[in-house]
Structure formats: structure tokens, C-alpha cells
Protein chains: 2
Amino acid sequence: MAEPMYRQIAEDLRLKIESGELPRGSQLATEIELREQYSASRNTVRDAIKWLTTLGLVETRPGQGTFVIEKINPYVTTLTGDASSGGGDETVYIAEVAASHRESEISDPRVEILRADRVVASNLRIDQGAQVVSRHQQRLIDGTPWSLQTSYYPMTLVRAGATRLLEATSIDGGATAYLAESCDIHQAGYRDTIAVRAPDENEAWFFKLAADGRVSVFDIFRVAFDKQGNRIRLTVTVYPCDRNRLRVDVGEVPPRGAPGTSSVPGPDE
Amino acid sequence: MAEPMYRQIAEDLRLKIESGELPRGSQLATEIELREQYSASRNTVRDAIKWLTTLGLVETRPGQGTFVIEKINPYVTTLTGDASSGGGDETVYIAEVAASHRESEISDPRVEILRADRVVASNLRIDQGAQVVSRHQQRLIDGTPWSLQTSYYPMTLVRAGATRLLEATSIDGGATAYLAESCDIHQAGYRDTIAVRAPDENEAWFFKLAADGRVSVFDIFRVAFDKQGNRIRLTVTVYPCDRNRLRVDVGEVPPRGAPGTSSVPGPDE
DNA sequence: GGGTATTTGTCCGTATGTATT
DNA sequence: AAATACATACGGACAAATACC
């Protein structure tokens, strides 16, 4: 009895899922039925199902049953782009989304002035407690929540003339272009750092993720630099991992072209 | 009684962890002690602990106890680089690792000739079932497992002269340079697609991850192109998300410099 | 809207197995 | 070998969510 019973049951169900005997989206037998099929207690069956749940293979819906998870056709976000234009503000993503025939919505930003915490301060190379402007937005595609984004600008930019950063409306043409014209600060490049973690409560709610940490989120820190290497912005974007892919293009890469669109498993085109 | 009891217990413990009352790495009270503290049954306490486990906050060790997870100082892998050089073969990473004073080991490749499955075929734009060379390697840093990598080359490259692709030894100077000299195929760029998923059994074993899917892995597909836009290689690299960060540099970005190395929480320098 | 059947969720108690010290 | 602590497995009772009539 090397393998505990609940794992054997889980393994048996897993094989049935991956062989196609239990198709994506289909309903499993109820816990009572499985209890009889496997001659186990209901709790043991539940342990097997919980195991499959953390593997991301099934989900349970109270009052309904247990279902095989459907693969999602993921959104693809390209991180590389024109360094001197957008690179993480409002305009860039719109075009990309429109190009794939999906409709994007962006909330008006929630603008706050606050003191830099440890993370913001170290990324912007300013003193902890120094004032920053925070602009927070929610993004939806085709009505489903897609990302949460917060940009932090040093308050010194506002004093240098970029007063519209304080307005709670999207900045037409993008914040990067606005910084160039309002206070002659030109973005020269940016650096993304990608981490993965469990969503917090707010994120789980907004993205409609299970409250436990089964589905994790991408946590992308984008620090933008001007030509002198000063850090002019930190943008933190959060995406649910289950319905997103990230793309990085380096060197000469053929255009996105060819509608040989992928159905899911391997990151394809 | 809006919140079930096990969630209340979990929340209480979570607050104690995040407030520092239970420091990273410290041991929680045993299940029996918690049962008395919270006047709940041992099973309910276990449900609370299981909840914290899926959130990635604690881990249980049979025979020892339950411990607060320690944050790991992550390895950072930069995906952007010189498009015409390495970009995903053996040499590139070595330098990067050495630069951060860590010692890297790379296994000799396991070389196989096999037929392209659906994923490999669609990424290389060849027919499913066509022959490809697969070169698989394990990478370690400071003795701890770091990544699993498999590169797929169309068999046509071997016929065009790149016969050393079939040898089960690392290719000095990198496979990309070798392709250039052996059959005049020059890499012009590459495209990475980043996904996150639960590890499979082999990956969980190699990376010493819990067998359930709590810690997920980065799944990075790198397709390399020559100047004509032909796809010359697919490299699939898998990293555990808990101890890795990905880096993307675009445009002018200051050098990595300054040893103000981060201790963990926010992706910093 | 209400009522009922179905299905999963929570909680308890108990016994025994297995890993570690 | 013994003690400790988590893991597995069982059975039972009731709650909560959902679907259907």
C-alpha cells in the first residue's frame, strides 16, 4: 500500500480526464457515487477531489457537482515594445487587444497621493516615505476581468509640471507622451521583473478566482528610465496566470500574422 | 457565522504570520495545541493549516511540525539578450550565473531523435510526426535544481551539416554559433512565450517540490528565427516559480550594477 | 415565491499509519 | 525503542448552495 487510497482514486480519475473519457467541462460522478465506485468513505473521495483541485484539473461547485476544468484560450500580452513610447501605460494595450478582435475596457484611474512604502521606494530609488502619485486602473476584455494595474510616479514629476498626473481621467496619448511634453522627461527604456504569487483577497474577488490560492497571478514590476538612467515610473500589473500568456520578442521576429490561432496546450502562435 | 471556523483560524494565524509574531521559518503550535487554543477539533485545525498551505504561507513536515515558509532570495533570469548570439542555449546562462557569484552546473544533454508531437510541430511549423532532434538538460545552481530545458531542432538542420547536434555533449560556444558555422544558419531573433502551470511528476521530483500542485512552474517556449523568418529551434525551459524571477529589458536600461541586492518581497533590483 | 431534492461544504470524534527525533 | 507530530481513513450530522418543480 505504497500509495494512499485517495491518491489512487485521484490518479484513476486523472487518467480518465487525460484520456478524454471525462471530457473538459463534463461533470464527475457525485461524491456518493464515487464512494460506492471506489468502496471508500465520502471523506476519502473528497480528499481525492481536493488533490485534483490543487492540480488544476477539476473544480467543485457547491450544490452542483464536480467538473473537469475547461482550458481557456489565453490572452497574450507582449512585454517588449517601443521603449520610447508607451511601455505600460494606458494606450499601448488597447491597440493590441483590438487587433485580436476583442473589446477592451479600462476604468478611470483611481488617483491617490501617498507615501512610498519599502517596495515602491526601492524600485524608484527614492526615500521611503517620500510622496508619490499612484494611478490605479482595472482592465477588462470582453467583459471579463483581465488585469489590475497601478503606476507610481515620484511627486517631483508633478512639481516639474506634469500636473495632469493628479487628474482622475485617462491621459490621452499615454502618460509617457504626456511626461515628454509637460516636463521634458523622455522615457528611454524599461525593465520588467516577473514574479508569480497567490492572489490577495481583492485580486481573487476582482478576477473571480477561487478564494484559496489555486490559481496564481503574474506580478509584473515595470520600472521606466529616462536617458540619464533616472527612474521615472514604477508600474505594477497583475494578471491571473490561468488566462494569460506573456510574450517577449527579441531581435528580428516575423510579424504576428497568420491566423493559425492556437487552441491551447503548448504556447504556440 | 459568516466565515467557517477553519477560515477564521487560518485568518488568525495568517495575521500572526504577517505581523511577524510568527517569524519566517518558525514552527507553529502542534495540531493538538491549536485544537485547544481554538476549541476546535483536530480536523478543523488541519483544514485551517491546509488552507494556509495552498496560500503558500506554511508547510507541514511529517514528524516535525508546521512551519512558516521562508522567503527565498530568487534567481533572476534575463530573457532579453543579444538576438544573434545564444538566446537560450548552453552558454548564455553560465555567464549570468557566474556574475552573481553562484556556481552553475549543467548536465550533459540527453539527446533523442523523435517525431514531433502537436506542440513541437506547430511551434516549429513542421509536420506533425516529422523527425526532430531533442536535447534535454538539467541545470543546477549551487547544487540546487534550477531548470529543466529541452531544445528541439528540425532534422533538416542535421542533414544540412549540423551533425554535432546528435552528440550527447555540450556544444562549446553554444549551439547557435555552431549552427552558423556548420550550415550557415544565422539566428536573427527569438520569441518567448511564458505560461504558468502545475509541475508534472518528474518536475516535482527534480525540483523537490511538494507532489501536489502548490508551487507552480514557469513554462517558457522560445522559438528562434533566422533572417528569413524560418523557425530553427524550439527551446522549452521550466523553472519553479517560487525561486525564480524573469527579467525583460527594453530600450536603454542602466547596467545591473549596484550591489543593493534585494531581500525579497517586491521585485526590486 | 416557496418547497424540496440534490450536491458539496463544514465540523466532529475516533482509530491507525508513517515519518522524525 | 519510545515519544512526538503529521497523514490517512472511516462514519456521522448538519449547513449552505443550487436546481427544479
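Reminder, nothing fancy here: chain letters follow the sequence lines and each chain counts from 1.
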Between protein and nucleotides 1-7 of chain C, what N or O pairs are separated by less than 3.5 Å?
residue: C:dT7; atom: O2; partner: A:Gly63; partner atom: N; Å: 3.4

Base D:dA5 paired with B:Arg42 side chain (donor-acceptor, <3.5 Å):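 By the distance-only test, no, there is no pair.
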Cation-pi check, A:Arg7 onto A:Trp51 ring (under 6.0 Å, within 45° of axis):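 Yes, a cation-pi geometry holds between A:Arg7 and A:Trp51.
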B:Tyr75 six-ring centre to B:Arg245 NZ/CZ under 6.0 Å and within 45° of normal: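 No, cation not above the ring by the 6.0 Å, 45° rule.
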In whole angstrom, give the distance that lies between atom [atom1] of [X] and atom [atom2] of [N].
| X | N | atom1 | atom2 | value |
| --- | --- | --- | --- | --- |
| B:Glu36 | C:dG13 | CD | P | 12 Å |
| A:Gln8 | D:dT8 | CD | P | 12 Å |
| B:Arg35 | D:dC6 | CZ | P | 12 Å |
| B:Leu34 | D:dC6 | CG | C1' | 12 Å |
| B:Glu3 | D:dA15 | CD | C1' | 15 Å |
| B:Ile9 | C:dT10 | CD1 | P | 13 Å |

B:Glu36 side chain to B:Glu33 backbone, donor-acceptor under 3.5 Å: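 Here the side-chain-to-backbone pair does not exist.
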Contacts of type side-chain contact (heavy atoms from CB on, under 4.5 Å), residue A:Asp47, not counting sequence neighbours: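 A:Asp47 satisfies side-chain contact (heavy atoms from CB on, under 4.5 Å) with A:Tyr6 once adjacent residues are dropped.
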B:Asn43 or B:Ala29, whichever maps to the more 5' nucleotide of DNA chain D: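 First, find each residue's nearest nucleotide; the 5'-ward one identifies B:Ala29.
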Any A:Thr44 side-chain N or O less than 4.0 Å from OP1/OP2 of D:dA9: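 No, A:Thr44 has no side-chain N/O under 4.0 Å of OP1/OP2 on D:dA9.
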Parallel, tilted or perpendicular, as decided by the 30° and 60° cut-offs, for the rings of A:Phe218 and B:Phe218: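 B:Phe218 vs A:Phe218 ring planes: parallel.
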Modelled atom types, side-chain donor and acceptor of B:Thr237 and B:Gln149, under 3.5 Å: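 Side-chain D/A pair, B:Thr237 to B:Gln149: present.
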Any side-chain donor near an acceptor of the partner, A:Asp219 and A:Tyr239, under 3.5 Å: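 A:Tyr239 and A:Asp219 do not have a side-chain donor-acceptor pair below 3.5 Å.
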Watson-Crick or G-U wobble mate for D:dA1, both contacts under 3.5 Å: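 Its partner is none (no Watson-Crick or G-U wobble pair with both distances under 3.5 Å).
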Nearest-0.5 Å distance that lies between atom CG in A:Leu13 and atom CD in A:Gln37: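 Result: 8.0 Å between the selected atoms.
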Pair A:Gln137-A:Ser170, side chain to side chain contact (heavy atoms under 4.5 Å, CB included): steps then yes or no: CA-CA 9 Å; A:Gln137 289 176 308; A:Ser170 283; 3.5 Å; yes
Residues within residues 45-60 of chain A bordering DNA chain C, heavy-atom distance below 4.0 Å: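 Going residue by residue through residues 45-60 of chain A, the ones with a heavy atom under 4.0 Å of DNA chain C turn out to be A:Arg46, A:Thr60.
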